[in-house]
Amino acid sequence: MPTSIRRPSSLPLVILLVALLTTPPPALAQIRIAGAIAGTVTDSSDAVVPGAAVQMVDELTAIGKDTVTNASGGFVFPDLSFGSYRVTVTLEGFHTAVYEHVKVESSRTTDLRIKLQVGALDEKVQVQGVTPVLEMTSNVVSTTVNNKALQELPLNGRSTFAFARLMLGTQTPSNSGDTHYNGMPGGTINGTIDGINNASNGFKSGGTSFFATVPPRLGAMEEVTIETAGLGADAGAEGAVNLKFITKRGTNQYHGSGFEQLLHDGLIANSYFNDARGLPKARLRQHDFGGNLGGPLPPGNLKDKLFFFINYETAYIPRTQNRSNTMLTAEAQQGIFRYQTATGEIRTANLLQIAAQNGFQSTVDPTIASLLAKQNQAIPNGTLASSNDPLRTTSLVWLEPNKLIQPYPTTRLDLQVTPRLAWTASWNLYGSKDYGRRQWPLPDV
C-alpha cells in the first residue's frame, strides 16, 4: 500500500524570516530582564527532600520544564519570562504538591518553600497565587508596577514612563520636570525597553535621563520595574538606577483589545490669559486610538513554540496654538525711535532725519519696507498686545492651526527553541509627523 509523508508547514519559519529581514539590525539586550523561580522542598519535619521531581508549566503558553531537587532539597528555574506559572512537586510516599499561579516578575526571583505531606502520590495539596514579596536571592532594591496597576492607575496620556516615579527615594522638583533618585544626578538613570537602552542621553553626560527615545505605550507594556540600589553585574553597568519597561507577550490563546480616547476643547474652558486678551479658546483635540493582538503563530513545525504580540497606537492631534511675533510699532516703522534715559525720561529721535543730516539714505530700505508691509497685512488676522519693549515694538498674537500625527507600533516574538533555550525579540518605534506652523497669519506664508 502506498504511503504518504506529510511535510510540516514552513509558514511560521517564513513569517519569522521575513520579520528578521525587514527589520533594522538588532540591538542585543544589555540589561537582564528574565525572572526565575527558586525553591526548597522539605518534609513535615522540615528535613530537606532531595530527588523530588519538580515540573514547571508556563500558564500562558503551556510550555513546561522539569528538574529534580538537589542534595539540599533545592531547585531553580532560571531565565523565565514574566507571567504566571504552575509548579508541581512529586515524590513517592508523599502527596503531590501543586502551586498554582506562581507570579514571576522581570529581574526578580520568586522563592518557594514547599513542604510535602506524607500520603499517596495521587492525592494533591494545592496552593494558589504565590507572588514575590521578599527578594531573598539578591540585594537589589526594586519596585514593580504590573499591568493591572498600569491599567487602573490615573495617567495623563498613554505613555507609561510616569509610573517610574512610583518608587521611594524619587525626587521631582515642583518647578522642573527633572526626576532624580536618592539624590543622584540624572545621568545615572538608565531607561530600557526589554533590556535595550531607551534613553536619549546615551552618553550619561549629565542633566537628566528621565525620558524615553521611544515612549513606552500603555497598550504595549506589561511591567515597569524600577531598581535604585544594590544592582549587580546583571544590570549591565549601564547606570545606578534602572527603569525597566517590559512589553507584553503572546500566549497559547488569541487575545486582543482595542481602545479609543478623545479629548475635545468643547469640554474645556478658555484660559484666563486668552480671556484677558480677548482671544478665543484654543482648539485642542486629541484622538488616541489603536489595539493589540497576541497568540500562537499558525500550526506547523513550530506549533506551541512560537508566539507573537502586536500593539499599534496612534495619537491624532488637530489643534490650534497661541502664536506670537514681535513687530515694530507704526511709529517705529516711520523711523521714530523712542527710548528712556537713566532718569526715566522718555525721549524721541527720528532716525531717518538723522541719517539724512549725515549724508545717508533718508528712506526705508526697499527690502525692509516690503517685509514691514507684509507684517502689517497680518494685523487684521490677530490681536495686538504689549511686548517686552513697548516703546518701539508690539506683539501680534493669533491662533495658529496645526496637526500632529504620532504612530507607536510594537511587535514581540517569543520562540522556545529547546526546553532550555528561549529566544525573544521586540521592536518598538515612535514616529511624529508635524504639519508645521506659519511664521505670520497670512495664507501665502
Side-chain angles (χ1 to χ4, degrees), residues 175-178 200 205-208 211 263-266 268-286 315-406 431-445:
N175 61 345
S176 170
D178 294 352
S200 295
S205 57
T208 182
F211 51 86
L263 176 67
H264 198 283
D265 53 78
I268 304 174
N270 201 6
S271 70
Y272 169 81
F273 296 102
N274 277 10
D275 282 336
R277 291 183 292 183
L279 293 175
K281 180 169 54 178
R283 182 174 180 262
L284 178 59
R285 300 177 183 180
Q286 180 166 339
Y316 177 76
I317 311 172
R319 57 187 175 178
T320 58
Q321 294 176 301
N322 284 331
R323 295 279 293 169
S324 64
N325 254 340
T326 301
M327 58 189 300
L328 292 175
T329 62
E331 190 180 51
Q333 292 182 33
Q334 302 301 316
I336 299 175
F337 183 84
R338 291 186 179 273
Y339 64 98
Q340 187 175 27
T341 66
T343 60
E345 179 185 359
I346 304 296
R347 294 182 179 179
T348 302
N350 191 315
L351 301 183
L352 294 179
Q353 288 182 359
I354 295 174
Q357 293 169 2
N358 289 274
F360 293 99
Q361 180 178 328
S362 61
T363 58
V364 178
D365 180 86
T367 302
I368 299 299
S370 65
L371 290 175
L372 294 176
K374 199 72 173 178
Q375 294 176 10
N376 291 332
Q377 291 177 21
I379 293 177
N381 299 324
T383 301
L384 291 176
S386 61
S387 68
N388 294 329
D389 184 15
L391 293 178
R392 295 176 293 275
T393 64
T394 185
S395 182
L396 181 65
V397 184
W398 73 95
L399 289 177
E400 176 67 18
N402 172 243
K403 183 167 64 176
L404 182 64
I405 300 177
Q406 297 174 322
S432 182
K433 185 175 182 180
D434 194 328
Y435 284 77
R437 297 177 293 271
R438 297 172 298 175
Q439 189 71 13
W440 294 92
L442 292 170
D444 57 342
V445 176

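Because the structure is a prediction, the values reported are computed rather than measured.
Annotation for Asn388: atom CG does not count as buried by contact number, only 12 or fewer foreign heavy atoms lying within 6.0 Å.
At least one side-chain heavy atom of Tyr316 sits less than 4.5 Å from a side-chain heavy atom of Lys403. Thr329 has its side chain out of reach of Arg392: every pair of non-hydrogen atoms, C-beta onward, lies at least 4.5 Å apart. Contact annotation: the side chain of Phe337 approaches that of Leu351 to within less than 4.5 Å [non-hydrogen atoms, C-beta and beyond]. Contact annotation: the side chain of Trp398 approaches that of Asn325 to within less than 4.5 Å [non-hydrogen atoms, C-beta and beyond].
Formation of a donor-acceptor pair under 3.5 Å by the Asp365 side chain with backbone atoms of Thr367 is found in this model. At least one donor-acceptor pair closer than 3.5 Å links the side chain of Thr341 to the backbone N or O of Glu345. No donor-acceptor pair under 3.5 Å is formed between the side chain of Ser324 and the backbone N or O of Leu396. Formation of a donor-acceptor pair under 3.5 Å by the Asn402 side chain with backbone atoms of Gly436 is found in this model. Side-chain N or O atoms of Glu400 include one that pairs as donor or acceptor with a backbone N or O of Arg438 at under 3.5 Å.
One distance of note links OG1 of Thr348 with CG of Leu391; it measures 9.0 Å at 0.5 Å rounding. Between the OG1 atom in Thr393 and the CZ atom in Arg338 there is a gap of 13.5 Å [rounded to 0.5 Å]. Here the straight-line distance linking atom CD1 of Ile379 with atom OG1 of Thr394 works out to 8.0 Å at 0.5 Å rounding. The line from CD of Gln375 to CD of Gln439 is 9.0 Å long, rounded to the nearest 0.5 Å. Rounded to the nearest 0.5 angstrom, Thr320 OG1 and Arg437 CZ are separated by 12.0 Å.
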Residue pair Thr326, Ser387: steps toward the side-chain hydrogen bond (donor to acceptor under 3.5 Å, both in side chains) verdict: CA-CA 7 Å; Thr326 301; Ser387 68; 5.9 Å; no
Evaluation steps, side chain to side chain contact (heavy atoms under 4.5 Å, CB included), between Ile317 and Ile405: CA-CA 6 Å; Ile317 311 172; Ile405 300 177; over 6 Å; no
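Annotation for Pro441 and Asn381: closest pair O-ND2, 2.7 Å, computed over non-hydrogen atoms. Summarising the geometry of Ala349 relative to Ile354, their closest heavy-atom pair is CB-CD1, 4.2 Å, with the distance given to 0.1 Å.
A donor-acceptor pair shorter than 3.5 Å can be found between the side chains of Asn376 and Gln333.
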